[in-house]
2 protein chains.
Amino acid sequence: MRSEMPVKRPANPLALAVLGVLLEQPMHPHAMATAFRERQMDSAFKLTTGSLYDTVRALARDGWIEATDTEQVGGRPMRTVYRHTSDGQRWFTEWLDEIVREPSREYPRFLSAVSYLGVLGKQRAAQALRERAAALQARVSEGEQAYRAAREEHKAPRLFVIEAEYARAMLQAEMQWVLRTAEEIEQGTLEWPEVSPHA
Amino acid sequence: MRSEMPVKRPANPLALAVLGVLLEQPMHPHAMATAFRERQMDSAFKLTTGSLYDTVRALARDGWIEATDTEQVGGRPMRTVYRHTSDGQRWFTEWLDEIVREPSREYPRFLSAVSYLGVLGKQRAAQALRERAAALQARVSEGEQAYRAAREEHKAPRLFVIEAEYARAMLQAEMQWVLRTAEEIEQGTLEWPEVSPHA
DNA sequence: GACACCTTACTCGGATCCGAGTAGTAGGAT
DNA sequence: ATCCTACTACTCGGATCCGAGTAAGGTGTC
């Protein structure tokens, strides 16, 4: 009897990474952290030890993964090794499918700031947007280097670094919008009603 | 003597909205909630009563805003009315400037899911991507309607609805990437190494 | 061989986020 | 007059997130 996917699906992208790395082999949390750092996965999620242990515990509580055994090497702290439960692997695939199919509501900081662009005034808004564009360009370049290293030096297939292609596409789209808007402000084609900074 | 912007800048976009709405006039939290709902600002942040009161308290604690007085209408619960502090308004502008200039690290769910596209298998991945594209298109259409209503019926200047233009640009960029990738999978131009679903 | 420093592996507590709950009022229907 | 529903305005507690802390073992060095 195949059981239903747990109702609880952790919001933290770190949970996805934990389930992903456990596909390779059972592992204790500290080993996961080491693996994530080695692979420089810090663009997909934020890795902090506190969150990692919490996430692992939550996944275990909700039946995605389970502790196999606790081992001790020397006099060091105990390790608890986790692996997918018998259903966990199938659930993971289902959950992935769901995340891909259904865009989730997210609230990027920049979106809410854009609403108040008027408060900054023309000059300052245009200048800030240009600085943002430069910072975005820097990120694109960084990502590009990492991408090339993975593809050429490590001979990684495109599928394995596809998230970098997605990240680049989104950064470039944002950059274009930001630059276009800065230009519109400077050229006066974006009508700029005088906002009284509170009456 | 002009004091420094507080080190604590709430991560929650709701904080930005609170500071924004207080530019118009001093207000108690419940009135803010009503204003946010009326203006359908739910694409920029998530409004829950709990978070609202927490956010307002945090902003007051850190000196952005302050309570003016507590009033009571009839036998209803007390209201606490808040307004910007003498520095609050300037800090708000500075903070906005900072948010616009410096892209923040954020971790959208989809980005982390894309890394594991391989796990879904070719057919399922392509199908899921196509469904996502359709959902994104639906959001674009919804946004478009709201945008037109604001522009044409309410005669809003572009600057006041500029965040909708940004949101649309980003949704369209994502949609294009998603569709292009689905096509590449179907046409076999995206090399698909057989992933053993755990050895 | 003693001191300093890095690594291993995890715990703890504070801050934040959020849905559900509470408690009183107002307005309308029966 | 009484009930019912909806609104007003806020509190509470659980879940999550995260940086700092802890404690023991290994490694190098003079």
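Both backbone and side-chain heavy atoms feed into the values below; hydrogens, waters and symmetry mates do not.
- Checked against D/dT11, D/dA15, C/dA15, the side chain of B/Lys8 finds its nearest nucleotide in C/dA15.
- Nearest nucleotide to the B/Ala11 side chain, out of C/dT11, D/dC10, C/dC17: C/dC17.
- At whole-Å resolution of the value, CG in B/Asp62 and P in C/dG14 are 17 Å apart.
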Item to check | Chi angles and distances behind the side chain to side chain contact (heavy atoms under 4.5 Å, CB included) call for A/Met27, A/Met32 | outcome: CA-CA 7 Å; A/Met27 218 177 283; A/Met32 298 176 198; 3.9 Å; yes
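- Taking atom CG on A/Leu14 and atom P on D/dA15, their separation rounds to 19 Å, with Å as the unit.
- When each of D/dC17, C/dA9, D/dC10 is scored by its nearest atom to the side-chain atoms of A/His30, the top-ranked nucleotide is C/dA9.
- With the nearest nucleotide of DNA chain C identified for both B/Thr48 and A/Ala31, A/Ala31 has the one nearer the 5' end.
- Closest contact between the side chain of A/His28 and the listed nucleotides D/dT11, C/dA9, C/dC18 involves C/dA9.
- Nearest to the side-chain atoms of A/Lys46 among the listed nucleotides D/dG19, D/dT11, D/dC10 stands D/dG19.
- No hydrogens or angles considered: nothing links the side chains of A/Gln187 and A/Thr189 as a donor-acceptor pair under 3.5 Å.
- As judged by a 4.0 angstrom heavy-atom cut-off over every strand, B/Thr49 is placed among the base-contacting residues.
- Between the P atom of C/dT16 and the CZ atom of B/Arg9 lies a distance of 14 Å, rounded to the nearest Å.
- The pair B/Lys46-B/Asp42 fails the salt-bridge criterion, with no side-chain N (NZ, NE, NH1 or NH2) lying under 4.0 Å from an Asp/Glu carboxylate O.
- As rounded to whole Å, 13 Å separates atom P of C/dC17 from atom CG of B/Leu47.
- The separation between B/Leu52 atom CG and C/dG19 atom P is 13 Å, rounded to whole Å.
- A/Arg79 contributes no side-chain N or O that, together with a main-chain N or O of A/His28, makes up a donor-acceptor pair within less than 3.5 Å.
- You'll find that the side chain of B/Arg79 is closest to D/dA9, out of D/dA9, C/dA9, D/dT11.
- Spacing between atom CZ of B/Arg57 and atom C1' of C/dC17 amounts to 12 Å, rounded to whole angstrom units.
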Checklist entry - How far apart are the C-alpha atoms of A/Arg158 and B/Trp192, what are their side-chain angles, what is the distance that settles it, and do they pass the side chain to side chain contact (heavy atoms under 4.5 Å, CB included) test? => result CA-CA 8 Å; A/Arg158 259 184 76 199; B/Trp192 201 276; over 6 Å; no
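- Proximity note for A/Asn12 (side chain, C-beta onward) versus C/dC17, C/dC10, D/dC17: the nearest is D/dC17.
- The separation between A/Met27 atom CE and C/dA9 atom P is 13 Å, rounded to whole Å.
- Atom CG in A/Asp42 sits about 14 Å away from atom P in D/dC18, given to the nearest Å.
- For the pair A/Arg61 and B/Asp54, nearest-nucleotide mapping onto DNA chain D gives the more 5' position to B/Asp54.
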